[in-house]
Colleague: 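Next up is a structure, given as structure tokens.
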Protein chains: 2
Amino acid sequence: MESEFLNWLDGKLPANALQELGPGDDAAVLRLHDQARCVITSDMLSDGVDFVLDECDWTRIGRKALAVNLSDLAAMAAQPVAALISLMLPCTQAPDLARQLVQGLIPLAQEFDVAIAGGDTNTWAGGLVISITAIGVATEHGLLRRDGAHVGDQILASGQFGGSILGKHFDFTPRVSEALLLNARYDIHAATDVSDGLSLDLSHIADASGCGALIRTDRVPIAEAAHQCAKLQPGPSSALDHALSDGEDFELLLAVPPEEADRILADQPLDVPLTRIGEFIARPGLWEHTGAGEPQPLEPRGYVH
Amino acid sequence: MESEFLNWLDGKLPANALQELGPGDDAAVLRLHDQARCVITSDMLSDGVDFVLDECDWTRIGRKALAVNLSDLAAMAAQPVAALISLMLPCTQAPDLARQLVQGLIPLAQEFDVAIAGGDTNTWAGGLVISITAIGVATEHGLLRRDGAHVGDQILASGQFGGSILGKHFDFTPRVSEALLLNARYDIHAATDVSDGLSLDLSHIADASGCGALIRTDRVPIAEAAHQCAKLQPGPSSALDHALSDGEDFELLLAVPPEEADRILADQPLDVPLTRIGEFIARPGLWEHTGAGEPQPLEPRGYVH
């Protein structure tokens, strides 16, 4: 079905000014700028783990598969350029499924000027697997890594946390424009996106930077969906627990020097709010402070692959 | 299991001089040369289609998954730089399988100076899917595309064809060095690698170049394995049929101007033989000539995805 699918695709795929050669040859070619720093990331999604094929709109699955990759580029403050889309399709649903997946991701690719530069289309007797590789470039402002946080840096977060499973995990906007703007205007030391869970991804920055992190749990912006999840599943998990440990918020976590953090918080330069939720500290590990009493150890929780 | 697997990987993965940031952050970073042309390809393999997990050495599967991608870079005459390895692992076999797959591909990565720059590791209830993205760069000699063949160009092929299923599909050497050498020394108009089948991949060059192709079927180098396949499966398929239509030979097909073809054939600059197997012609489609009589139409056959 690959050649038929490629014929159907012809003319539908967005390009990018840096794309010299797109789908149809043995490989795609991007003509990057002088001294280009090429940023590459891959995320793989599967039926039953990242979505339930029989229970959702297939276009939303395609959109999500691209969006999670763009979120990784955003976490580096890289400018997206292209993506390769590889599909392993259940043979009974292959042509229709492939088309809907691609139709779902094309508007997002267009929005972020991402060329669909190629990929691989296959069928098998198993379930749906989607693997997307996104390619970006560093801007003149450089890239944001995880390992640059200093002791004393403030932890800023975009948006709200928890309960993404109720819908945001499909429909979130990857924070590409936000990361590019912040990196262009401000001095940011480190960044990541929250894919596995706020507390777990925060611990990734702290560990990579050789320091600890203290979360002010009374300041974590809790999404309405986190409250709904806490109500829907009565038990020990509060809305705050959902905010700290649910995966797939796809918000930005930033390490910012204190004065710069004050400036960002006063400016509020994004359409989405930025909130100070804690700081990086010398003592290793993850700690929580509720606003009263002593900091307590906090177990990093989230989605473990 | 991802963090445990990444810990196990630590120190085992080859790097590359162009790799600025490897696994562990949100994305990998490659620092490419001035005016870099970045060449990118993805191939996805699955249990039951490209290998049978229960019947083969898992290290050979890992090696194959990288080798098919390097073959695509070779088909463009691109210099390999890095690869991203994404795994969807059956949860019952995950840690051991992941390690053996990676152990199988590391020697090949080292041989071709390919950094393992990142990827994604997941488990699920389904079968094994491996998706690898390989990144290369164009050399000063440019890239070889499929669409550059001219009428009158000779068709040169490396190696021998057919019967790859008996073992070569696992253990082939991607023709990276060969393609780089040929592209540096000679005037090559177009190239591809034979992944789907000699006749089918040849028709891809002809179609992309807006011409036809005439195969001298009496000159096609037939692998010993093709003869074995013809014997093992008695029926209408001859060894030549296997050579023309079996997939996964991973040899090079080149379109070369006649005098340059004479020079290459006289030089025989590779460790593997180069053979003239026909020419590109004005009449569209694929044609065979047995050495006697008139050319006859030849149905392009091979692996259809």
Side-chain angles (χ1 to χ4, degrees), chain A residues 1-3 20-21 24-49 72-73 75-76 78 82 84-88 117-127 129 131 133-136 138 143 145-147 191-193 208 304-305, chain B residues 1-3 20-21 24-49 72-73 75-76 78 82 84-88 117-127 129 131 133-136 138 143 145-147 191-193 208 304-305:
Chain A
M1 61 151 283
E2 189 164 45
S3 63
E20 180 179 317
L21 181 62
D25 212 304
D26 294 298
V29 181
L30 305 175
R31 187 179 284 275
L32 303 181
H33 304 295
D34 287 6
Q35 296 289 354
R37 292 163 79 197
C38 178
V39 183
I40 318 165
T41 184
S42 273
D43 267 312
M44 197 178 218
L45 277 65
S46 67
D47 188 14
V49 177
D72 278 326
L73 293 185
M76 304 290 292
L84 302 180
I85 316 293
S86 292
L87 305 175
M88 189 62 68
D120 193 16
T121 313
N122 304 275
T123 58
W124 75 330
V129 178
S131 179
T133 297
I135 302 103
L143 296 170
R145 298 165 51 147
R146 288 186 188 173
D147 60 4
T192 194
D193 65 323
V304 177
H305 293 256
Chain B
M1 61 153 283
E2 188 163 46
S3 63
E20 180 179 316
L21 181 62
D25 212 304
D26 293 297
V29 181
L30 305 175
R31 187 179 285 273
L32 303 181
H33 304 295
D34 287 7
Q35 295 290 352
R37 291 163 80 197
C38 178
V39 183
I40 318 165
T41 184
S42 273
D43 267 313
M44 198 177 217
L45 278 64
S46 66
D47 188 13
V49 177
D72 278 326
L73 292 184
M76 305 289 293
L84 302 180
I85 316 294
S86 292
L87 305 175
M88 190 61 69
D120 193 16
T121 312
N122 304 275
T123 58
W124 74 330
V129 177
S131 180
T133 297
I135 302 103
L143 295 170
R145 298 166 51 146
R146 289 186 188 172
D147 60 3
T192 195
D193 66 323
V304 177
H305 293 256

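Convention: sequence-line order gives letters A, B, ...; per-chain numbering from 1.
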Colleague: I need the residue from Ile40(A), Leu21(A), Ile135(A) with the largest number of non-hydrogen atom pairs under 4.5 Å to chain B.
Modeller: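 Of Ile40(A), Leu21(A), Ile135(A), Ile40(A) has the most heavy-atom pairs under 4.5 Å with chain B.
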Colleague: Which one of Asp193(B), Asp47(B), Leu143(B), Val129(B) has the most heavy-atom pairs closer than 4.5 Å to chain A?
Modeller: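 Of the options given, most contacts go to Val129(B).
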Colleague: Can you tell which part of Ala191(B) gets under 4.5 Å to a heavy atom of chain A, answering side chain, backbone, both or neither?
Modeller: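 When you check distances to chain A, only backbone atoms of Ala191(B) fall under 4.5 Å.
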Colleague: Measuring heavy-atom distances to chain A, does Ile85(B) have an atom under 4.5 Å in its side chain, in its backbone, in both, or in neither?
Modeller: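 Contact with chain A: none, neither part.
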Colleague: I'd like to know which of Leu73(B), Thr41(B), Leu30(B) tops the heavy-atom pair count under 4.5 Å against chain A.
Modeller: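 The option with the most such pairs is Leu30(B).
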Colleague: Taking side chain as everything from C-beta outward and backbone as N, CA, C, O, which of these in Leu84(B) sits under 4.5 Å from a heavy atom of chain A? Side chain, backbone, both or neither.
Modeller: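 Only the side chain of Leu84(B) comes within 4.5 Å of chain A.
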Colleague: Closest approach of Ala138(B) and Val39(B), non-hydrogen atoms and distance?
Modeller: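 Nearest heavy atoms, Ala138(B) then Val39(B): N-CG2, 4.2 Å.
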Colleague: Quick one: which of Thr133(A), Asp147(A), Asp25(A) has the most heavy-atom pairs under 4.5 Å with chain B, could you say?
Modeller: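 Of Thr133(A), Asp147(A), Asp25(A), Asp25(A) has the most heavy-atom pairs under 4.5 Å with chain B.
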Colleague: With a 4.5 angstrom heavy-atom cut-off, could you sort out which part of Leu87(A) is near chain B: side chain, backbone, both or neither?
Modeller: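 Only the backbone of Leu87(A) comes within 4.5 Å of chain B.
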Colleague: Glu20(A) and Arg145(B): which non-hydrogen atoms are nearest, and at how many Å?
Modeller: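 Looking at all heavy atoms of both residues, the shortest contact is O-NH1, 4.3 Å.
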Colleague: Any chance you could measure Asp72(B), atom CG, to Asp26(A), atom CG, to the nearest 0.5 Å?
Modeller: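 CG of Asp26(A) is found 5.0 Å from CG of Asp72(B).
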Colleague: For a 4.5 angstrom cut-off between non-hydrogen side-chain atoms, does Val29(B) reach Cys38(A)?
Modeller: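 Sidechains of Cys38(A) and Val29(B): no contact.
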Colleague: In terms of heavy-atom proximity below 4.5 Å to chain A, should Ala75(B) be classed as side chain, backbone, both, or neither?
Modeller: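 Both backbone and side chain.
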Colleague: Between the side chains of Ser86(B) and Ser131(B), is a donor N or O closer than 3.5 angstrom to an acceptor N or O?
Modeller: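 On atom types as modelled, these side chains do not qualify, holding no pair under 3.5 Å.
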Colleague: Side chain, backbone, both or neither: which part of Ala28(A) has a non-hydrogen atom closer than 4.5 Å to chain B?
Modeller: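 Both backbone and side chain.
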Colleague: Which residue out of Thr192(B), Val49(B), Leu45(B) racks up the most heavy-atom pairs below 4.5 Å with chain A?
Modeller: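 Heavy-atom pair counts peak at Thr192(B).
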Colleague: Which pair of non-hydrogen atoms, one from Trp124(A) and one from Ser46(B), has the smallest distance, and what is that distance?
Modeller: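 Reported closest heavy-atom pair: CE3-CB, 3.5 Å.
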Colleague: Closer than 3.5 angstrom, by distance alone: can the side chain of Asn122(B) be matched with the main-chain N or O of Met88(B) as a donor-acceptor pair?
Modeller: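 Such a contact is absent between Asn122(B) side chain and Met88(B) backbone.
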